[in-house]
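See structure below.
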Number of protein chains: 2
Amino acid sequence: MSKRKVERLNLLKFMPFRLNRLAAEFSNALAMEYMARFGIDIPEWRVLATLGLHDAPRSAQYVVRCTRTHKSRISRAVGSLVTLGYVARAEAMDDRREVMLELTPKGRAVYAELVPLLLKREEAILSCLSTEERAQLDHLMDKLEKSFDLVQCGD
Amino acid sequence: MSKRKVERLNLLKFMPFRLNRLAAEFSNALAMEYMARFGIDIPEWRVLATLGLHDAPRSAQYVVRCTRTHKSRISRAVGSLVTLGYVARAEAMDDRREVMLELTPKGRAVYAELVPLLLKREEAILSCLSTEERAQLDHLMDKLEKSFDLVQCGD
DNA sequence: CCTTGACTGTTGCAGTTGCAACTGTATAAC
DNA sequence: GTTATACAGTTGCAACTGCAACAGTCAAGG
């Protein structure tokens, strides 16, 4: 066997590994906030965030597209949120296959309380970056997302 | 109840969400490479990568620290890799609690074949960024990692 | 009307993960 | 030597996840 030098790879400089670590740390730092306060996890938060952004009801399918989360996960998250009284399900009148989802007043209250907390926490974490660096980060993420063909959620 | 304007949050601009998506896409794009070829998953790849970086055996604990992965996950990943014949376990002579881990010749061969593939794939994904942008990305990740107190793996 | 194919959302199942409890070993105090 | 504490690694268990199968609905074509 040849003794040719083997190419090495430093995990700590390997982008998928770094992204995974960073994403996990970031999520955990924020998850503590909402999980503890309102008993919801990340998929549930995604549903809440999607519905909270709009005033009119949206279908589960819409949430799936916006959050790029598997429909079974969304289905179960919606189930939990309904049990918690944060979300209401209703049949769509035009297409009875769809389930229209809407925040309840209680859900809206949670959303209104949660969003400032999360934005503040995000802000705290990003505070290690200058304004210019944050713009760079945003720009770089945009480019990478587009390159993965992660198309924005068409409204 | 007051009708004060509720602060909204666009998930698609929310950093933990974006990081999670990006990390998942990135990992999946690469996982296909090694999972298909050698029947290993991400935790197993991390063990392989850590051991492959060094020529001398390392303890499982060392792998845990380097990969920032839970010890139970590492334990099971090592189990699979031993079954596959990629890794060999040996007791440490100085501290019999430790399990020293080492790549077998077969494991080294897999490592040598895998690394160039993965680096090439990473390169392809990052090719949407200019040289300067890549330097920016590296710099930003460094800063964020440090801010999370993600200390480098002390050798 | 009836059939076919596509689509929405739910659920059973199997695989994976993290936590906590456990075994065995080392180290320190007495 | 004995006890107590700390540490390395393994494993049982419960929770979570994705996939695939499923039920119900819609739309097109005959």
Side-chain angles (χ1 to χ4, degrees), chain A residues 20-21 23-25 27-29 31-32 34-36 39-47 50-51 57-84 87-102 153-154, chain B residues 20-21 23-25 27-29 31-32 34-36 39-47 50-51 57-84 87-102 153-154:
Chain A
N20 263 313
R21 270 211 308 173
E25 293 274 352
S27 287
N28 286 342
M32 286 174 21
Y34 36 81
M35 288 179 78
I40 63 177
D41 60 16
I42 290 178
E44 284 153 25
W45 149 248
R46 288 182 182 177
V47 174
T50 305
L51 297 179
R58 303 279 155 168
S59 72
Q61 183 59 39
Y62 175 84
V63 177
V64 166
R65 281 195 306 268
C66 282
T67 60
R68 303 220 154 235
T69 304
H70 195 276
K71 62 181 181 171
S72 62
R73 234 164 139 189
I74 295 299
S75 174
R76 287 187 251 251
V78 168
S80 304
L81 291 170
V82 169
T83 301
L84 287 167
V87 166
R89 266 193 262 240
E91 280 191 359
M93 48 221 97
D94 54 329
D95 185 339
R96 286 186 18 240
R97 290 173 302 181
E98 293 185 342
V99 176
M100 298 306 283
L101 303 170
E102 191 176 22
C153 162
Chain B
N20 264 312
R21 271 210 307 174
E25 294 274 351
S27 287
N28 287 341
M32 286 173 23
Y34 37 82
M35 288 179 79
I40 64 177
D41 61 14
I42 290 178
E44 284 152 27
W45 149 248
R46 288 182 182 177
V47 174
T50 305
L51 296 180
R58 302 280 154 168
S59 72
Q61 183 59 38
Y62 176 84
V63 176
V64 166
R65 279 195 306 268
C66 282
T67 61
R68 302 220 155 234
T69 305
H70 196 276
K71 61 180 181 170
S72 62
R73 234 165 137 189
I74 295 300
S75 173
R76 287 188 251 251
V78 169
S80 304
L81 291 170
V82 169
T83 301
L84 287 167
V87 167
R89 265 194 262 240
E91 282 191 359
M93 50 221 96
D94 54 329
D95 186 338
R96 286 184 20 239
R97 289 174 303 182
E98 292 185 342
V99 176
M100 297 307 282
L101 303 170
E102 190 176 23
C153 163

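Below, chains carry the letters A, B, ... as their sequence lines are ordered, and counting in each starts from 1. Worth knowing before you read on, the calculation uses all heavy atoms, side chains too, and leaves out hydrogens, waters and symmetry mates. Predicted, not measured: the structure shown is a model, and the values here were computed from it.
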Measure across [X] and [Y] and return the closest heavy-atom pair with its distance rounded to 0.1 Å.
{"X": "A/Leu101", "Y": "A/Ser59", "result": "CD1-C, 4.4 Å"}
{"X": "A/Tyr62", "Y": "A/Thr50", "result": "CE2-CG2, 3.7 Å"}
{"X": "A/Ser27", "Y": "B/Asn20", "result": "OG-ND2, 2.5 Å"}

Note down the inter-axis angle between the two ends of the helix from C/dC1-D/dG30 to C/dC30-D/dG1, five pairs each, to the nearest 10°.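 It comes to 0° between the two terminal axes.
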Expressed as a whole number of angstroms, how long is the span from [X]:[atom1] to [N]:[atom2]?
{"X": "A/Lys71", "N": "D/dC22", "atom1": "NZ", "atom2": "P", "result": "14 Å"}
{"X": "B/Tyr62", "N": "D/dG9", "atom1": "OH", "atom2": "C1'", "result": "18 Å"}
{"X": "A/Glu98", "N": "D/dT25", "atom1": "CD", "atom2": "P", "result": "14 Å"}
{"X": "B/Ile74", "N": "C/dT17", "atom1": "CD1", "atom2": "C1'", "result": "12 Å"}

For DNA chain C, determine which residues of residues 87-97 of chain B have any heavy atom closer than 4.0 angstrom to one of its atoms, and list them numerically.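 When residues 87-97 of chain B is checked for heavy atoms under 4.0 Å from DNA chain C, the hits, listed by number, are B/Asp95, B/Arg96, B/Arg97.
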Scan the side chains in residues 69-79 of chain A for donor-acceptor partners under 3.5 Å anywhere in the protein, sequence neighbours excluded, and list what turns up.
from: A/Thr69; atom 1: OG1; to: A/Arg46; atom 2: NH1; distance (Å): 3.2
from: A/Thr69; atom 1: OG1; to: A/Thr67; atom 2: O; distance (Å): 3.0
from: A/Thr69; atom 1: OG1; to: A/Thr67; atom 2: OG1; distance (Å): 3.1
from: A/His70; atom 1: ND1; to: A/Ser72; atom 2: N; distance (Å): 3.1
from: A/His70; atom 1: ND1; to: A/Ser72; atom 2: OG; distance (Å): 2.8

Identify every side-chain donor-acceptor pair in residues 87-99 of chain B under 3.5 Å, counting partners at least two apart or on other chains, and give the distances.
from: B/Asp95; atom 1: OD1; to: B/Arg97; atom 2: N; distance (Å): 3.0
from: B/Asp95; atom 1: OD1; to: B/Arg97; atom 2: NE; distance (Å): 3.2
from: B/Asp95; atom 1: OD2; to: B/Arg97; atom 2: NE; distance (Å): 3.4
from: B/Asp95; atom 1: OD2; to: B/Arg97; atom 2: NH2; distance (Å): 2.9

Would you say the side chain of A/Val47 lies within less than 4.5 Å of the side chain of A/Glu44, judging by non-hydrogen atoms?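 When only atoms from C-beta onward are counted, A/Val47 and A/Glu44 do not touch, as no gap falls below 4.5 Å.
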Check whether any side-chain heavy atom of B/Val64 sits under 4.5 Å from a side-chain heavy atom of B/Gln61, and report yes or no.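 Of all side-chain heavy-atom pairs linking B/Gln61 with B/Val64, at least one is under 4.5 Å.
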Drop me the distance from B/Ile42's CD1 to B/Asn28's CG, to the nearest 0.5 angstrom.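 One gets 7.0 Å once the value is rounded to the nearest 0.5 Å.
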Rounded to the nearest 0.5 Å, how far does CE of A/Met100 lie from CG of A/Leu51?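 The distance works out to 9.5 Å.
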Side-chain N or O of A/Gln61 less than 4.0 angstrom from OP1 or OP2 on C/dG9?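 Indeed, a polar side-chain atom of A/Gln61 lies that close.
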At under 4.0 Å between heavy atoms, how does the protein contact nucleotides 12-18 of chain D? Give one character per nucleotide, 5' to 3', with B, S or -. B----SB
By side-chain contact (heavy atoms from CB on, under 4.5 Å) - contacts of A/Ala24 (at least two apart):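 Not a single residue meets the side-chain contact (heavy atoms from CB on, under 4.5 Å) criterion with A/Ala24.
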